[in-house]
Number of protein chains: 2
Amino acid sequence: MNPAGEVEHEPRSGAARKTQRIVNAALQVFLDTGYGAATVDAIASAAGVSKATIYTRFASKEALFAAVIERECLACSKRMAVVEQAPALELSQALREIADMLLDIILLPRNLAIQRLVIAELPRFPELGRTFYDRGPAITLKNLANFVRARVARGELRVADPAVAAQHFISLLRGDIQWRALMEQMAVSDTARRAARERTVGVFIQLYGAPPDVARP
Amino acid sequence: MNPAGEVEHEPRSGAARKTQRIVNAALQVFLDTGYGAATVDAIASAAGVSKATIYTRFASKEALFAAVIERECLACSKRMAVVEQAPALELSQALREIADMLLDIILLPRNLAIQRLVIAELPRFPELGRTFYDRGPAITLKNLANFVRARVARGELRVADPAVAAQHFISLLRGDIQWRALMEQMAVSDTARRAARERTVGVFIQLYGAPPDVARP
DNA sequence: ACAAAACTGAACTGTTCAGTACAGTAGCGC
DNA sequence: GCGCTACTGTACTGAACAGTTCAGTTTTGT
C-alpha cells in the first residue's frame with residue numbers, strides 16, 4: 001500500500017512511526033480519561049504495542065504526556081497561520097472568514113478537551129501553561145494583529161494599536177461561548193456561532209472601521 | 001474566646017463547625033494538589049481531624065469534593081451581587097468601579113485555582129460545569145445586564161440588547177488576561193489591570209454611550 | 001458526676017498502577 | 001541461513017491510597 005520513498009502524513013518511516021502511534025494512542029487515552037486515570041497499559045493496548053516498548057521510547061508517563069502536549073501545540077500553531085491568508089477579500093467578508101476560522105479552532109471538541117487537559121495538569125506540569133499559551137493563543141493574536149496592520153495600511157481600518165484591536169476582536173468573538181463550551185461540554189449551535197460572528201464583525205467595524213468618506217478609489 | 005450565643009463567620013456551633021473545618025481543609029488541599037493527587041489523609045491532617053471522622057460526615061472523597069465546590073459556588077454567587085450597587089456614580093466612573101470588581105473576582109488567585117479545579121474534574125463530575133457556570137458567570141452577566149438596562153432607562157446608554165452589551169463589556173475586560181492568569185499561573189500587574197479597565201470603559205462608551213447632545217439636566 | 005455520643009490514632013485490607021525483568025519471537029542486514 | 005536488534009507478553013515488585021475497623025479517649029448533654 002505504500003511503495004518506495006513516499007512521505008505520509010505521519011512523518012518518518014518504520015522506526016519512528018511506532019512512536020507516533022504511541023503518541024496518538026496516548027493523546028486519545030489522556031483525552032478520554034484525564035492524565036491521572038489514564039494507565040500506561042491502556043495506552044499500550046490502544047497503540048497495539050507492549051508497555052515495555054513505550055518505556056524504551058519515553059522515560060516515564062510524565063515524559064510521554066509532555067511529548068503528547070508538545071506535539072499538539074505544534075500542530076495547533078501551524079493551523080493558526082491560515083489567519084493571514086484571507087487578504088484578497090473585502091474587509092467585512094475577510095473578518096467573517098477569520099471569525100469562522102477562529103471559532104473552529106476554539107470550539108473544536110478535540111481542542112477544548114486539550115485545553116481542559118492542560119489546565120487540569122497545570123499543578124503537575126507548571127511550565128506547560130506557558131508553552132501552551134505561547135504556541136496557541138499568542139500566535140493567533142500575533143497573526144490577527146498583522147492582518148489588522150495590513151488593513152490599516154490599506155486605509156480600511158483606523159487603529160492605534162493593532163495588537164489591542166486584534167485582542168478586542170478575539171475577545172468579542174469568544175464572548176462566553178468558549179467558557180460555556182469548556183464548562184458545560186456541549187456543542188455550540190451553528191446559530192449561536194453565526195450570531196457571535198455577525199455581532200463581532202459589526203462591532204469591530206463600528207469601532208475601528210475607517211469612515212467611508214475616504215472611500216476606496 | 002467565644003462566650004455565650006455568639007454567631008461567628010463559620011456558621012452553626014460545635015458539631016457542624018468541625019464539618020466546616022474539614023471542608024476548608026479539603027478546599028485547600030484540592031487547590032494545592034488537584035483532586036487526583038489529594039489524599040484523604042492529607043485533608044484529615046490539614047483539618048486536624050482523623051480520617052474516620054471525615055468518613056462519618058462524607059460518604060466518599062467524591063462527595064467531599066462535591067460539597068467543597070458546592071459551597072464555593074454559593075459563596076461566589078453572593079459576592080457577585082455587589083455589581084448592582086454602583087448606582088449613584090456618573091456612568092464612566094460606575095463602569096470603572098464595576099470593572100475593578102469584576103477583575104477582582106476573575107483574577108483572585110483562589111478563584112482562578114477553583115476554576116482550574118472545576119475544569120480539571122469535568123470528566124469525573126460532568127454536572128459540575130453547569131452548576132459552576134450558572135452560579136458564577138451567568139449571575140454576573142445578569143447583574144451587569146440589569147445595570148445596563150437601568151442606565152438605558154436614564155438615557156445614558158443606547159443599547160439594543162442589554163445582555164449582549166453586558167457580555168461585550170465582560171469580554172473586552174477579560175481580554176486575554178484571564179486566560180494568561182489561568183494558564184501561566186502568574187499574578188497580573190496593577191498596570192495591566194488598569195490598562196484593561198480604561199480601554200474597556202473607553203470602548204464600551206464609544207460603542208454604547210448616548211450622544212452628549214441629550215445631556216443630563 | 002456520669003453515661004452516651006463523637007472522636008482519635010493507628011493498623012489493616014484490597015486494589016490499582018508505574019515501572020522492571022525476562023524468556024521467547026519477529027524482522028532485517030549480510 | 002546467521003546473528004543482531006527490537007518487540008511482545010506476561011508476570012512481578014513496590015508503593016500509594018481509598019476506605020474500614022476498633023480499642024481507647026475526649027466531649028457533651030443533663
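Naming: A, B, ... by sequence-line order, numbering from 1 per chain.
Taking CZ of F169(A) as the start and OG1 of T200(A) as the end, the distance is 6.0 Å to the nearest 0.5 Å.
The closest side-chain donor-acceptor pair between R149(A) and N146(A) falls under 3.5 angstrom. With 3.5 Å as the limit, one finds no donor-acceptor pair spanning the side chains of T131(A) and E127(A). Side chains of Q93(A) and R96(A): a donor on one and an acceptor on the other come within 3.5 Å.
Phosphate contact (OP1/OP2 of dA6(D), side-chain N/O of R57(A), threshold under 4.0 Å): absent. Side-chain N/O atoms of S50(B) include none lying less than 4.0 angstrom from OP1 or OP2 on dC7(C).
A salt bridge (charged side-chain N to carboxylate O under 4.0 Å, His left out) check over residues 99-121 of chain B, counting only residues at least two apart or in different chains, returns the pairs E72(B)-R110(B), D100(B)-R197(B), D104(B)-R193(B), E121(B)-R124(B).
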Please tabulate, one pair per line, each protein N/O and nucleotide N/O from nucleotides 15-20 of chain D that are separated by under 3.5 Å, including the distance.
| residue | atom | partner | partner atom | Å |
| --- | --- | --- | --- | --- |
| dA18(D) | OP1 | A38(B) | O | 3.1 |
| dA18(D) | OP1 | K61(B) | NZ | 3.2 |
| dA18(D) | OP2 | V40(B) | N | 3.1 |
| dG19(D) | OP2 | Y55(B) | OH | 2.9 |
| dG19(D) | OP2 | K61(B) | N | 3.0 |
| dG19(D) | N7 | K51(B) | NZ | 2.7 |
| dG19(D) | O6 | K51(B) | NZ | 2.9 |

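Between the CZ atom of F58(B) and the P atom of dC7(C) there is a distance of 12 Å, rounded to whole Å. The CD1 atom of I54(B) sits 13 Å away from the C1' atom of dG9(C) (whole-angstrom rounding). Following rounding to the nearest Å, I43(A) (CD1) and dG19(C) (P) show an atom-to-atom distance of 11 Å. The nearest whole Å value for the distance from the CZ atom in R17(B) to the P atom in dT27(D) is 13 Å.
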In residues 176-188 of chain B, what donor-acceptor pairs under 3.5 Å come from side-chain atoms, sequence neighbours left out?
| residue | atom | partner | partner atom | Å |
| --- | --- | --- | --- | --- |
| D176(B) | OD2 | Y133(A) | OH | 2.4 |
| Q178(B) | OE1 | R174(B) | NE | 3.2 |
| Q178(B) | NE2 | Q115(B) | OE1 | 3.2 |
| E184(B) | OE1 | R130(A) | NH1 | 2.9 |

